[in-house]
Amino acid sequence: MSELTLSELYIYPIKSAAGIAMRKAQMTARGLQHDRRWMVVDARGKFMTQRRFPQMALISVALEDGLKGELVVNAPGMETLVVPLMGKGDVSEGNGMEVEVWGDRCKAISVSAESKAWFSQFLETDCQLVYMPDDAQRPTEHGKLGPDNLVSFADAFPYLLISEASLNGLNQKLSGHDASPVSMDRFRPNLVISGASKPHAEDAWQQISISEAVFDLPKLCARCSIPNVEQQTGDRGKEPTKTLSTYRFWDKGIWFGKNGLQTGGPQNAVLRVGDEIRVLRE
């Protein structure tokens, strides 16, 4: 196997909005710092994503002053929305609420009346932006891995890993089907790996290390319809799901990438693009 390297690193502060490419990122108990700590919920407190609202791909997010300061949110036709990073802006006891994401119910904080109006206008439905406070209890994989492994508003795991080789393999098959290639942002990974010997080599990895951190990779990632959304336009098509279904469909799912969680090393380790990756167990 050639040398494995962390080639790309992403966070997605607002679930289902555009991600941010990072050169380095701080790890926390719930995943990378700021990753999916905000989420848009409907009037019932249920999570909203590109599955039903593909235009969420057009919501861009930036971190002002690096990893401190404010979250700056933009979308076509909208004025800039500025949100304090740690949800301190309009937070009071009256802002606490319960939200639901994939059947999990957990504590959240309604960010502000301004953000509620902003998201409701852009998505043309009654909704609001919420923040996950530090004391919220949401266990990884719906509690199947114990109560102490926490996750943010990500679907079920703190980390998603995909190799460049897997994407290259998919794009070769898309070309053979006269379909356009797709970019990695369709799959919304946190960790992108270069140097894998073949497409989907990560399927076999059970434990890896990156820098000082050790990760278990217990589950393949089942894909929904979001990879069919062109992230630059918000348009939805049939690819790459149509092609993936021809060779990555089994057990009632289409699988692409590997879900993971930190199981060793310092919880506040810093990951950097270029870090060496070692496969510890297959």
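Remark: Arg52 CZ is loosely packed, at most 12 non-hydrogen atoms of other residues, nucleotides or ligands lying under 6.0 Å away. Heavy atoms from other residues, nucleotides or ligands lying under 6.0 Å from CD of Gln206 number more than 12. Atom CZ of Arg23 has 12 or fewer heavy atoms from other residues, nucleotides or ligands within 6.0 Å.
When hydrophobic clusters are built by joining Ile, Leu, Val, Met, Phe, Trp and Tyr residues whose side-chain heavy atoms come closer than 4.5 Å, directly or via intermediates, Leu32 is grouped together with Met22. Under the 4.5 Å side-chain heavy-atom criterion for Ile, Leu, Val, Met, Phe, Trp and Tyr, Met97 and Val40 are members of distinct hydrophobic clusters. By the rule that hydrophobic residues join a cluster once side-chain heavy atoms approach within less than 4.5 Å of another member, Ile226 and Phe153 end up as members of separate clusters. Using a 4.5 Å cut-off between side-chain heavy atoms of Ile, Leu, Val, Met, Phe, Trp and Tyr, with links allowed through other members, Leu161 and Leu280 fall into different hydrophobic clusters. Following chains of ILVMFWY side-chain contacts shorter than 4.5 Å, one cannot reach Phe215 starting from Leu261, and the two form parts of different hydrophobic clusters.
What you find for Leu217 and Gly260 is that their closest heavy atoms are CD2-CA, 3.7 Å. The two residues Arg186 and Pro240 come nearest to each other via the heavy atoms NH1-CD, 3.7 Å. Closest approach of Ala57 to Val229, counting heavy atoms only: CB-CG1, 4.2 Å. Nearest heavy-atom pair across Cys127 and Ser120 is O-OG, 2.8 Å. For the residue pair His200 and Ser166, the shortest heavy atom distance occurs at N-OG, 2.8 Å. Across Trp250 and Trp255, no two heavy atoms sit closer than the pair O-NE1, 2.8 Å.
Checked by atom type and distance alone, the side chain of Thr5 never pairs as donor or acceptor with a backbone atom of Glu276 at under 3.5 Å. When atom types are taken as modelled, the side chain of Asp35 and the backbone of Tyr12 share a donor-acceptor pair closer than 3.5 angstrom. Counting only distance, with no hydrogens or angles, the side chain of Asn259 and the backbone of Pro218 share no donor-acceptor pair below 3.5 Å. Looking only at distances, a side-chain donor or acceptor of Glu202 sits under 3.5 Å from a matching main-chain atom of Ser163. With Arg37 contributing its side chain and Tyr131 its backbone, the two residues share no donor-acceptor pair below 3.5 Å. Checking side-chain atoms of Gln50 against main-chain N and O of Phe53 turns up no donor-acceptor pair under 3.5 Å. Looking at Glu141, its side chain never comes within 3.5 Å of a backbone N or O of Gly143 through a donor-acceptor pair.
Annotation: ring pair (Phe, Tyr, Trp, His ring centres under 6.0 Å) contacts involving residues 173-192, sequence neighbours excluded, comprise Phe187-Phe256.
Looking at Asn149 and Thr263, their side chains never come closer than 4.5 Å, going by heavy atoms from C-beta outward. Put simply, the side chain of Asn268 reaches to within 4.5 Å of the side chain of Gln26, judged on heavy atoms. With a 4.5 Å cut-off on side-chain heavy atoms, Pro133 and Lys107 count as touching. Side-chain contact check for Pro13 versus Ile20: some heavy-atom pair is nearer than 4.5 Å. No side-chain heavy atom of Val41 sits less than 4.5 Å from a side-chain heavy atom of Lys46. Asn190 is listed as a side-chain neighbour of Arg36, based on a closest heavy-atom distance under 4.5 Å. Between Trp118 and Val111 the shortest side-chain heavy-atom distance does not fall below 4.5 Å. With a 4.5 Å cut-off on side-chain heavy atoms, Leu6 and Ile193 count as touching.
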Run the side chain to side chain contact (heavy atoms under 4.5 Å, CB included) check on Ser16 and Met48 step by step: do they pass? CA-CA 8 Å; Ser16 241; Met48 294 169 55; over 6 Å; no
Please test Leu123 against Met56 for side chain to side chain contact (heavy atoms under 4.5 Å, CB included), starting from the C-alpha separation and ending with a verdict. CA-CA 8 Å; Leu123 297 176; Met56 290 184 73; 3.8 Å; yes
Between Val99 and Cys106, does a side chain to side chain contact (heavy atoms under 4.5 Å, CB included) hold up when you go through it step by step? CA-CA 6 Å; Val99 298; Cys106 64; 4.1 Å; yes
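With rounding to the nearest 0.5 angstrom, the OH atom of Tyr159 is 8.5 Å from the CD1 atom of Ile210. Atom CE of Met39 is separated from atom OG of Ser152 by 9.5 Å, given to the nearest 0.5 angstrom. Rounding to the nearest 0.5 Å gives a distance of 7.5 Å between CG of Leu81 and CD1 of Ile14. Residue Gln137 holds its CD atom at 12.0 Å from CG of Asp104, rounded to the nearest 0.5 Å. Taken to the nearest 0.5 Å, the CG atom of Asn74 stands 10.0 Å off from the CD atom of Glu79. Taking CH2 of Trp38 as the start and CZ of Phe119 as the end, the distance is 11.0 Å to the nearest 0.5 Å.
With respect to Lys24 and Asp275, no salt bridge is recorded, no charged nitrogen being found less than 4.0 Å from a carboxylate O. Contact check on Arg51 versus Asp155 returns a salt bridge, with a Lys/Arg side-chain nitrogen under 4.0 Å from an Asp/Glu carboxylate oxygen. Classification of Glu230 and Arg236 as a salt-bridged pair fails, no side-chain N sitting under 4.0 Å from a carboxylate O.
A side-chain hydrogen bond (donor to acceptor under 3.5 Å, both in side chains) with Arg248 is found for exactly one of Asp203, Thr241, Thr243, namely Asp203.
Side-chain N/O atoms of Thr28 and Arg30 include no donor and acceptor closer than 3.5 Å. A side-chain N or O of Asp185 and one of Gln232 form a donor-acceptor pair less than 3.5 Å apart. Residues Gln231 and Ser183 bring no donor and acceptor atom of their side chains to less than 3.5 Å of each other. Counted by atom type alone, Ser110 and Asn95 present zero donor-acceptor pairs between their side chains at under 3.5 Å.
Figure legend: cation-pi geometry between Lys219 and Phe157 absent, as NZ or CZ is not positioned both under 6.0 Å from the six-membered ring centre and within 45° of its axis.
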